[in-house]
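Every heavy atom of this structure was used, including side-chain atoms; hydrogens, water molecules and symmetry mates were not.
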Amino acid sequence: MENKKKLPGAEIFGIKVIIDPSMKKSDVLYPEKLARAKEMISKIEWPPALERFNKPSSDK
Amino acid sequence: MNYERYEFVLVSEDFQEFRFQSVGPKGKISMIIQFQEMTPRIYNLAYGEFEDGSINDQKNNQNNDRNKILATVAAAVFEFTAAFPGRGVYFAGSTLSRCRLYRMAISIHFAAIDPHLDVYGVRRINNRFKAEPFIKDVDYQEFFVERKPK
């Protein structure tokens, strides 16, 4: 656990979320479902409050 | 909120992958939650048992902990949207019963969720798909949440 650190203030629902820098990212799982989801969201008509989701952005 | 859930969750540094263990009569089962980028602002939620490098999101693990897992996944959504308030999370049930489960869970806990997240359902009308603020008892099959602005 020495490589892992608890996220400050990250308890939501009482869960202790611990960042694990050693975690190796898995491949994108169920790519066929992800493709269907992408197709789906491209068809969604968003209400005015969510129209920004149609626009590309960088929020990092 | 004080729901029964798994208390320790590991998360990758980019917050796109969460892992925990389901514990019950069938033993310890590794669970994984992924937030998969679809656009820079919209992420797809996938979760299930972690088996040989892939998720099985249709299997009932028989650990009799469905609600506990669901609460843990919901907590991960809270965590992800707290880390990235500008990102929304899309999710759809992989089966009709899953869709119904999500609708019921959101409806039952809406008062607790609403102060933190805006919740939308996608309504299908004549081959059109319209997102609208979540209404209880509407037959949504897709859902979308985002962190409320502070």
Side-chain angles (χ1 to χ4, degrees), chain A, chain B residues 1-3 5-20 32 34 36-42 44-48 50 53-55 57 71-72 74-76 78-79 82-88 90-92 94 116 118 120 122 127-133 142 144 146:
Chain A
M1 292 291 286
E2 62 188 42
N3 237 2
K4 299 165 186 170
K5 59 183 178 185
K6 186 180 161 192
L7 190 65
E11 294 184 22
I12 297 177
F13 285 52
I15 285 180
K16 293 174 179 61
V17 178
I18 299 166
I19 297 176
D20 182 357
S22 66
M23 187 189 288
K24 290 182 180 174
K25 262 187 90 173
S26 307
D27 294 337
V28 171
L29 301 161
Y30 281 129
E32 70 284 357
K33 287 186 179 177
L34 180 58
R36 282 203 300 271
K38 283 181 179 177
E39 188 181 347
M40 181 65 202
I41 64 160
S42 70
K43 295 176 182 173
I44 292 176
E45 298 172 27
W46 300 98
L50 293 181
E51 281 180 350
R52 66 186 180 283
F53 284 104
N54 285 327
K55 298 171 186 168
S57 75
S58 174
D59 59 355
K60 290 183 180 174
Chain B
M1 284 180 256
N2 189 25
Y3 305 121
R5 68 274 162 185
Y6 288 103
E7 292 190 352
F8 288 93
V9 177
L10 294 179
V11 58
S12 60
E13 283 190 297
D14 64 2
F15 272 72
Q16 291 186 26
E17 192 160 312
F18 292 65
R19 293 185 190 173
F20 62 98
I32 186 168
Q34 274 196 346
Q36 304 167 327
E37 183 173 352
M38 297 200 286
T39 76
R41 289 176 182 265
I42 304 177
N44 183 56
L45 170 65
Y47 75 94
F50 191 53
S54 67
I55 285 178
D57 72 349
T72 308
F78 269 66
E79 198 65 57
F84 303 107
R87 297 179 184 175
Y90 167 91
F91 55 101
S94 52
H116 307 284
D118 285 325
Y120 298 86
V122 179
N127 288 329
R128 293 174 66 190
F129 302 91
K130 298 188 76 168
E132 64 182 19
E142 292 92 17
F144 182 81
E146 66 164 342

Would you compute the distance between atom CD of B:E142 and atom CE of A:M40 and round it to the nearest 0.5 angstrom? 3.5 Å
Approximate separation, where rounding is to 0.5 Å, of A:L50 CG and B:E132 CD: 11.5 Å
B:D14, part contacting chain A, at a heavy-atom distance under 4.5 Å: side chain
Pair B:F15-A:I19, side-chain contact (heavy atoms from CB on, under 4.5 Å): steps then yes or no: CA-CA 8 Å; B:F15 272 72; A:I19 297 176; 4.1 Å; yes
Return the option, out of B:F18, B:Y120, B:Y6, with the maximum number of heavy-atom pairs under 4.5 Å with chain A. B:Y120
Run the ring-centre check on B:F144 versus A:W46 and record whether the distance is less than 6.0 Å. yes
More than 12 heavy atoms of other residues, nucleotides or ligands under 6.0 Å from CD of A:E32: yes or no? yes
Within this structure, what is the CD1-CG distance for the pair A:I41 and B:N44, rounded to the nearest 0.5 Å? 8.5 Å
Say you draw a straight line from CD1 of B:I32 to CE of A:M23; how long is it, rounded to the nearest 0.5 Å? 7.5 Å
Which pair of non-hydrogen atoms, one from B:A131 and one from A:P47, has the smallest distance, and what is that distance? O-CD, 3.3 Å
Looking only at heavy atoms, what is the nearest atom pair of A:L34 and B:M38, with distance? CD1-CG, 3.7 Å
Would you compute the distance between atom OH of B:Y90 and atom CD1 of A:I44 and round it to the nearest 0.5 angstrom? 5.5 Å
